[in-house]
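Note sheet for the following structure.
From a predicted model like this one, the values you see are computed outputs, not experimental measurements. Naming convention: chains lettered A, B, ... in sequence-line order (proteins, then strands); numbering from 1 in each chain.
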Amino acid sequence: MCGALRASDAGKKAVLMGWVNRRRDHGNLLFVDLRDRTGVTQVVVNAERNAAIHQKSATLRNEYVIAVTGTVKLRDSNTVNKNMVTGEVELVAEELRILNESKLPPFLPSDTALTNEETRLKYRYIDLRRDVMQFNIELRHKVAKAIRDYLSGQGFFEIETPFMTRSTPEGARDYLVPSRVQPGTFYALPQSPQLFKQILMISGFDKYFQIVRCFRDEDLRADRQPEFTQIDLEMSYPQPERVWEVVEGFLTAAFAAAGIAINTPFPRMDYDEAIRLYGIDKPDMRLPAFADVRDCFTPENLQQLAINPNLPVIAIRIPKVGELSRAERDSIKPMFVAKGGARVFEDFKRIEKNFPGAAAEVSAKVAVEAGDLVVIVAASAQTGEQTALLPHRKVTPQELAIYASAGLLRLALAQRYAERHGILKRTGDPAKDFRFLWVTNFPMFEWDESERSWMAAHHPFTSPHEEDMPKLETGVESVKDPQSELSAVRALAYDVVLNGTELGSGSIRIHRQDVQSRIFRALGMTEEEAKARFGFFLEALEYGTPPHGGIALGLDRIVMILAGAESLREVIPFPKTARAVDLMVDAPTPVGEKQLRELGIQVKKS
RNA sequence: GGGGACGUAGUUCAGUUGGUUAGAACGCUGCCCUGUCACGGCAGAGGCCGCGGGUUCGAGUCCCGUCGUCCCCGCCA
């Protein structure tokens with residue numbers, strides 16, 4: 001291979017095949033950098049030594065595919081290229097075959113400037129030849145293999161589940177596949193193999209995993225593709241800690257495959273605590289938590305600052321930002337996403353000037369050091385009285401609005417000043433800091449204001465905490481009652497978070513049919529509705545279901561972080577654009593009348 | 001569904017207040033060159049300024065619409 005030859009190979013015969021990466025023509029002496037996925041080796045063609053090959057080599061162009069037979073030669077010391085692993089040797093061409101010519105590609109794999117994504121995606125096969133993409137795809141393979149090997153070693157079976165399955169319209173929108181044999185009916189592509197893996201537990205395969213494609217018809221983001229790969233696993237009889245142990249085990253193996261050692265066990269944090277300290281359920285632990293500094297101010301201070309004294313006053317500290325100009329400080333307010341009466345009291349300098357006592361206490365509480373940026377987020381004094389909405393939550397909706405606003409600002413500030421403090425820098429930084437975290441004890445239900453109803457926060461197969469079970473028995477009206485005790489039910493659910501990215505989400509499942517029915521009832525589903533949607537599953541639960549639980553992690557996201565990439569598209573060979581289009585194959589497309597007729601489908605002409 | 005950024009040569013970009021023939025670098029083509037490695041030198045080709053409409057004596061530049069790519073909010077059990 002083109003990355004294989006070393007000084008120790010000098011004198012040997014070798015055959016290299018690959019692409020012409022670059023050609024340097026010196027007249028009677030010509031160099032060809034020959035590239036394959038392993039690297040680049042310099043081929044030398046000398047007119048004096050072999051006129052026929054020299055003549056042929058003059059016709060070579062970038063991206064031609066060639067085979068070169070020759071002798072490996074140690075380079076003279078003054079011509080060694082220290083930037084190449086093969087730089088101590090070169091291949092002296094004795095035979096040259098042009099295996100295929102190439103049109104001039106729109107961009108070259110060896111280009112240093114990155115072409116726009118539209119062109120890259122249209123000519124993805126050229127783009128994938130670039131060494132970064134070759135590295136990322138190889139990394140993806142290594143990570144997936146390490147996980148497979150680890151889980152197999154732990155006694156897990158990899159078992160396939162159907163791609164053509166049943167639509168269960170909850171959660172994300174389904175991709176649908178029309179049935180020809182039964183016109184008017186549709187399969188759905190799985191959003192996750194959730195019910196199948198639970199049924200595999202009922203079937204006696206007590207440790208299951210699958211590296212599996214999942215599909216969600218929702219709008220895309222840099223870290224969200226409509227089809228994506230999950231490391232899906234389920235096991236019988238686990239405590240949450242046992243699932244976490246397995247995940248920590250395969251992540252250790254996966255990161256080791258990328259040459260990175262990580263520490264286990266991962267720290268754990270309650271959902272409520274994550275909200276209070278970071279304003280988000282997937283905190284980035286590389287940055288300091290924020291602090292409630294309400295007590296640092298006197299009631300008079302708060303009044304003068306027009307801050308609501310009954311709600312948290314959050315101090316955000318971003319380390320090592322350095323002195324900010326007046327203009328920079330003024331620009332903080334516009335980047336703020338305000339929720340529910342939250343405001344930024346951005347000019348901590350002004351607070352220092354006008355309220356030196358309070359400012360000193362705040363500085364002490366958040367442990368300010370020279371060059372740190374401190375921003376205060378609080379509710380304005382006009383915020384209404386705390387309503388009794390969700391009285392059973394530890395964090396009230398008004399408090400949540402402040403925490404969430406502060407959480408968004410914290411990340412926005414950290415990203416803006418990433419270059420200065422170096423903490424969130426993703427690319428080009430070899431010394432990477434990986435902070436894993438288990439977030440646990442999520443609420444079982446979330447209040448959906450538009451539906452005026454409680455919804456399952458994770459999914460309806462998640463087991464509630466044993467001691468919260470009685471709170472499910474609040475009557476049929478409770479699902480429509482924002483003040484019902486449902487708000488206090490905690491789920492045996494957990495997320496694994498890395499540097500502010502949700503890597504995966506799992507739970508201990510419900511294994512008793514009566515509990516499952518109670519959850520459906522609590523969600524306002526009648527027995528008939530539940531039966532119509534999940535009848536097969538409710539029935540299966542009745543035939544000796546072992547306690548079970550599991551998790552699913554996003555493989556693409558893991559590889560993205562390991563690759564230091566900003567987008568999933570950098571670690572997926574054939575990704576889709578923000579409008580869910582494949583620019584290379586040009587999908588989706590309209591289909592012909594005949595195909596539609598066979599499926600019994602009519603398309604509305606617009 | 002909403003907000004923002006961008007679209008000029010094959011590629012990455014520049015293009016002033018609306019004003020003559022739209023530029024640079026890389027790439028490409030030809031010629032020269034025996035130690036380069038992002039080789040070098042000389043010469044050259046290459047443009048529907050995303051598309052459509054408008055304003056204007058005159059539009060890459062201003063206005064309206066439209067298409068595409070990217071980022072964010074909503075959405076993602």
Side-chain angles (χ1 to χ4, degrees), chain A residues 21-35 40-49 54 58 61-63 73 75-84 86-87 90 92 103-123 126-127 168-174 191-192 194-195 214-226 228 334-335 337-339 408 411-412 415 442 444-446 448-451 454-462 491 493 502 505 507 519 523 533-534 552 554 566-567 569 575-579 581 583:
Chain A
N21 197 50
R22 273 210 158 85
R23 190 183 54 129
R24 289 178 295 281
D25 187 348
H26 288 238
N28 286 326
L29 186 66
L30 185 139
F31 301 97
V32 173
D33 287 343
L34 197 59
R35 183 196 75 238
V40 171
T41 298
Q42 174 167 284
V43 174
V44 195
V45 182
N46 192 321
E48 222 167 62
R49 295 165 71 152
H54 180 262
R61 294 293 181 270
N62 284 328
E63 299 307 302
K73 179 179 156 263
R75 296 200 199 180
D76 294 340
S77 61
N78 60 325
T79 61
V80 165
N81 186 342
K82 290 198 180 74
N83 300 319
M84 292 169 76
T86 61
E90 59 197 3
V92 180
K103 270 175 66 175
L104 178 67
F107 56 95
L108 289 172
S110 57
D111 280 349
T112 43
L114 202 52
T115 305
N116 79 70
E117 271 207 80
E118 213 174 329
T119 313
R120 287 179 58 201
L121 289 175
K122 184 167 179 209
Y123 298 93
I126 306 292
D127 188 49
T168 51
E170 287 214 35
R173 218 171 277 121
D174 285 322
Q191 299 174 28
S192 100
Q194 183 61 33
L195 294 179
C214 299
F215 307 85
R216 290 177 193 176
D217 186 5
E218 295 293 342
D219 287 351
L220 288 81
R221 289 282 189 284
D223 62 351
R224 269 163 35 190
Q225 282 273 316
F228 58 100
M335 63 196 283
V337 184
K339 299 191 175 187
L408 288 171
L411 288 178
Q415 259 153 33
F442 281 79
M444 182 78 193
F445 304 104
E446 282 298 340
D448 184 329
E449 189 52 46
S450 63
E451 298 277 326
W454 290 98
M455 313 278 265
H458 186 55
H459 56 59
F461 314 106
T462 302
E502 181 197 313
S505 196
S507 63
I519 293 291
L523 287 169
R533 279 187 185 176
F534 306 111
E566 303 282 354
S567 156
R569 295 184 299 276
K576 301 203 170 30
T577 69
R579 285 177 64 253
V581 167
L583 290 174

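Nucleic acid contact for A:E502: none, since no nucleic acid atom lies under 4.0 Å from a heavy atom of the residue. Across all strands shown, A:A457 has heavy atoms under 4.0 Å from sugar-phosphate atoms exclusively, and none from any base. A:T115 comes within contact range of the sugar-phosphate backbone alone, with a heavy-atom separation under 4.0 Å but no base atom that close. In this structure, A:R569 reaches the sugar-phosphate backbone alone: every heavy-atom distance under 4.0 Å involves primed, P, OP1 or OP2 atoms, never a base. A:S192 comes within 4.0 angstrom of a nucleotide base, judged by non-hydrogen atoms across all strands. When heavy atoms are screened at a 4.0 angstrom cut-off, A:E48 is found touching base atoms of the nucleic acid. Across all strands, A:N83 comes closer than 4.0 Å to no nucleic acid atom at all (heavy-atom distances). Among the protein residues, A:L114 comes within range of the sugar-phosphate backbone only, with heavy atoms under 4.0 Å from sugar or phosphate atoms but none that close to a base. Residue-level contact check: A:E117 touches the backbone only, with heavy atoms under 4.0 Å from sugar-phosphate atoms and none from bases.
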Pick out the pairs of N or O atoms, protein on one side and nucleotides 44-47 of chain B on the other, that lie under 3.5 Å.
none

Check nucleotides 23-28 of chain B for protein N or O atoms closer than 3.5 Å to its own N or O atoms and list the pairs.
| unit_1 | atom_1 | unit_2 | atom_2 | d |
| --- | --- | --- | --- | --- |
| B:C28 | OP1 | A:N62 | ND2 | 2.7 |

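Under 4.0 angstrom from either OP1 or OP2 of B:G68 there lies at least one side-chain N or O belonging to A:R579. Between A:R24 and the phosphate of B:C39, there is a side-chain N or O to OP1/OP2 separation shorter than 4.0 Å. Side-chain nitrogen and oxygen atoms of A:R221 include none within less than 4.0 Å of the OP1 or OP2 phosphate oxygen of B:C70. Remark: A:N116 is in phosphate contact with B:U12, judged by side-chain N or O atoms under 4.0 Å from OP1 or OP2.
The nucleotide B:C26 finds its pairing partner in B:G10, both defining distances of the Watson-Crick or G-U wobble pair being shorter than 3.5 Å. For B:A59, there is no paired nucleotide, since no Watson-Crick or G-U wobble pair has both relevant distances below 3.5 Å. A 3.5 Å limit on both hydrogen-bonding distances identifies B:C32 as the Watson-Crick or G-U partner of B:G40.
When the salt bridge (Lys or Arg N to Asp or Glu O under 4.0 Å) test is applied to A:E117, the partners found at least two apart in sequence or on another chain are A:R569.
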Open item on the list: The test is side chain to side chain contact (heavy atoms under 4.5 Å, CB included); show your working for A:D127 and A:F107 and say whether it passes.
Closed with: CA-CA 8 Å; A:D127 188 49; A:F107 56 95; 3.9 Å; yes
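B:U11 has no stacking from A:F107 on its base ring, since the centres under 5.5 angstrom apart and planes within 30 degrees of parallel are not both found. B:C39 has its base stacked against the ring of A:H26, the centroids being under 5.5 angstrom apart at an interplanar angle below 30°.
No side-chain N or O of A:D76 forms a donor-acceptor pair with one of A:T79 less than 3.5 Å apart.
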